[in-house]
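Heads up: the structure comes next, in structure tokens.
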Protein chains: 2
Amino acid sequence: MYLMERIASGEWGDGARIPSEYELMEIFAASRMTVHRALREMQADGFLRRAQGVGSFVQGPKPQSALLEITDIADDILARGHAHRAEIVVVERVKADAGLAAAFEMRAGGKIFHSVIVHFENEVPVQLEERFVSPAFAPDYGAQDFSARTTASYLQRVGRAAQVEHVIQAVSPAPLTRKLLRIAAGEPCLELTRRTWTEAGPATKSALTHPGSRYSLGSRYDAPGSKKPG
Amino acid sequence: MYLMERIASGEWGDGARIPSEYELMEIFAASRMTVHRALREMQADGFLRRAQGVGSFVQGPKPQSALLEITDIADDILARGHAHRAEIVVVERVKADAGLAAAFEMRAGGKIFHSVIVHFENEVPVQLEERFVSPAFAPDYGAQDFSARTTASYLQRVGRAAQVEHVIQAVSPAPLTRKLLRIAAGEPCLELTRRTWTEAGPATKSALTHPGSRYSLGSRYDAPGSKKPG
DNA sequence: CAGTGGTCTAGACCACCCA
DNA sequence: GGGTGGTCTAGACCACTGG
């Protein structure tokens, strides 16, 4: 089934209703079982919502990671009923040093977007977000207003990552980090490093630093097969 | 399909070969499509490995979490080619205080297993593991030799959790923690708290503490639908 | 009521693995 | 070659939704 790329490719927008199984049968000249299975798998992968007696609908891109339920921090904060504010420290294009060049599989000296943003929850700084973004992935990254729309939200629109890597560490914050997050000396920080790739190559490399006392990462998970056939 | 509970229930052991699709057709008097779909879903849920031209085999319980790839720390260490050693600090039964009683949905004063273990990688302490385990879930927890077999490995055998909750924080270690992990004052620690539930109720509550400088949690993830029909 | 998705059957052809 | 899983078809009955 190399059909239906149109759906994932966004030919139908978020929330759009897609043709019924019977209509798809005719469109693709496939049997209903085949159509049904394709839709069922797309549902399992989270691309569709389906309801018996109603129809099938495109599910907008979910929070990128199924491994760590790290949603857009602004959504997180708003979901708690708190106020979110982003303070842009810098958005720029920088020359890749050796390390960055290696991470992005490009030559040293190539240009890469770089942004540093502090996120506030009720005016308390809760996250320092530093990102490097490949211009090949998001050519307009440098021209965005990230106080209006978070980098996470923007990047999610630009493209879906095929691969994500997370590393979590406890660190003693650097002096500049301490200053930006307004934390006392000796307070530990939780640092999440995330790298993403598309089919075309490395896309982003981010470091999200949280004061240990003001943030924790959590996730809750229903094991597969708890109810189902098994 | 409320058939085939036998597979998940462990009637067939790890790695065992299960009957072919055609045999299952006869056993359950179902069509091949139905059998195939059941097996396909069990494979998707990680209960089976299948190979064309070979057969279907029971996949032993995987690392419990799909959210955080936290495997048995001993496996982790051995996989890096390093030596692992576990130092049992205490394994005991304690009376539940108010907080524990609430977490385990039991009356205060009820008995709960409690263990504290330090894990060494090449004789360097890398994890302090403190667990509380419901006797209803693992009645023999107190009688195990956890220097021979890790708690994680043992608990995985006892039963599969239906639900898992993770919380990750950066913390300043308590003095006792500092001593057991032999770390300097001021070094931050990564603390992972994990709670698990079975259908019957709360099963375990664990705190895994790692020196920030000696450990990090990582995960790598292939997004669904990168290749498939989509 | 008509339309939707959920499920199952019976049969077919294929690619793959291994003796 | 014989057995395995991978895939697809054509048709059927059901449960649920909505007007």
Side-chain angles (χ1 to χ4, degrees), chain A residues 1-60 62 222-230, chain B residues 1-8 10-62 222-230:
Chain A
M1 301 292 323
Y2 38 105
L3 322 164
M4 313 190 170
E5 293 111 0
R6 52 176 64 181
I7 296 180
S9 327
E11 179 161 326
W12 286 302
D14 187 358
R17 172 167 186 172
I18 73 172
S20 76
E21 298 190 350
Y22 289 95
E23 289 168 336
L24 288 170
M25 278 175 61
E26 300 190 350
I27 295 176
F28 294 112
S31 77
R32 187 165 164 232
M33 272 299 289
T34 307
V35 168
H36 181 71
R37 177 174 158 193
L39 295 181
R40 156 180 290 273
E41 291 184 346
M42 293 183 61
Q43 180 183 29
D45 283 348
F47 295 119
L48 289 181
R49 286 171 293 114
R50 315 189 71 201
Q52 192 173 137
V54 183
S56 303
F57 305 86
V58 174
Q59 176 72 286
K62 296 170 315 186
D222 287 294
S226 324
K227 285 264 180 175
K228 279 187 298 179
Chain B
M1 299 294 318
Y2 38 105
L3 323 164
M4 313 190 170
E5 292 112 1
R6 52 177 63 182
I7 296 180
E11 179 162 324
W12 285 304
D14 187 359
R17 171 167 188 172
I18 73 171
S20 75
E21 298 190 351
Y22 289 96
E23 290 168 335
L24 288 171
M25 280 176 61
E26 299 190 352
I27 294 175
F28 294 112
S31 77
R32 187 166 163 231
M33 272 299 289
T34 307
V35 167
H36 180 72
R37 178 174 157 194
L39 295 181
R40 158 180 288 274
E41 291 184 346
M42 293 184 61
Q43 180 182 29
D45 282 349
F47 295 119
L48 289 181
R49 286 172 294 114
R50 315 190 70 202
Q52 194 173 140
V54 183
S56 303
F57 305 86
V58 175
Q59 176 72 286
K62 295 172 315 188
D222 287 294
S226 324
K227 285 262 180 179
K228 277 188 297 181

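Basis for what follows: all heavy atoms, side chains included, without hydrogens, waters or symmetry-related copies. Note that this is a predicted model, so its numbers are computed, not measured.
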>> Walk me through whether B/Q43 and B/R49 qualify under side chain to side chain contact (heavy atoms under 4.5 Å, CB included).
In response: CA-CA 6 Å; B/Q43 180 182 29; B/R49 286 172 294 114; over 6 Å; no
> Ion pair present between A/E26 and A/R32, side-chain N to carboxylate O less than 4.0 angstrom?
Replying inline: no
> At under 4.0 Å, does any side-chain N or O of B/T34 touch on OP1 or OP2 of C/dT9?
Replying inline: yes
>> Nearest whole Å is fine: how far is D/dA12 P from A/E21 CD?
In response: 17 Å
> Between atom CZ in B/R37 and atom C1' in C/dG5, what is the gap in whole Å?
Replying inline: 11 Å
> Between A/L39 and A/I18, what is the shortest heavy-atom contact and its length?
Replying inline: CD2-CD1, 3.8 Å
> Rounded to the Å, how far apart are A/M25 CE and D/dT9 C1'?
Replying inline: 9 Å
> Just how far, in rounded Å, is P of D/dC8 from CG of A/L39?
Replying inline: 13 Å
>> Taking the minimum atom-to-atom distance to the side chain of A/A30, which one of D/dT9, D/dT4, C/dT7 wins?
In response: D/dT9
> When the distance from CD of A/E26 to C1' of D/dA10 is rounded to whole Å, what number comes out?
Replying inline: 14 Å
> Counting side-chain heavy atoms from C-beta on, which of C/dG5, D/dT9, D/dG5 comes nearest to A/Q52?
Replying inline: C/dG5
>> Whole angstroms only, please: what is the CE-P distance between B/M33 and C/dT9?
In response: 10 Å
> What is the minimum heavy-atom distance between A/G55 and A/R17, and which atoms define it?
Replying inline: CA-NH2, 4.2 Å
> To the side chain of A/V54, which of D/dG18, D/dA10, C/dG5 is closest?
Replying inline: D/dG18
> Which whole-number value in Å describes the distance from B/F28 CZ to C/dC8 C1'?
Replying inline: 16 Å
> Looking for any heavy atom pair under 4.0 Å, which part of the strands does B/R40 touch: base, sugar-phosphate only, or nothing?
Replying inline: sugar-phosphate
> Do B/M25 and B/H36 pass the side chain to side chain contact (heavy atoms under 4.5 Å, CB included) test, and can you show the C-alpha distance, the side-chain angles, and the key distance before you say yes or no?
Replying inline: CA-CA 9 Å; B/M25 280 176 61; B/H36 180 72; over 6 Å; no
> Which residue, A/A29 or B/Y22, contacts DNA chain D at a nucleotide closer to its 5' end, judged by nearest heavy atom?
Replying inline: B/Y22
> How close or far is atom P of C/dC8 from atom CG of B/L24, stated in whole angstroms?
Replying inline: 15 Å
>> Under 4.0 Å, heavy atoms only, any strand: does A/R32 hit a base, just the sugar-phosphate, or nothing?
In response: base
> Between A/S20 and C/dG3, is there a side-chain N or O to OP1/OP2 distance below 4.0 Å?
Replying inline: no
> If only side-chain N and O atoms of A/H36 are considered, is one of them under 4.0 Å from the OP1 or OP2 phosphate oxygen of C/dG5?
Replying inline: no
>> For a quick test of reading the model: is some side-chain N or O of B/S56 closer than 4.0 Å to OP1 or OP2 of D/dG5?
In response: yes
>> Check this one for me: any side-chain N or O of B/R50 less than 4.0 Å away from OP1 or OP2 of D/dG6?
In response: yes
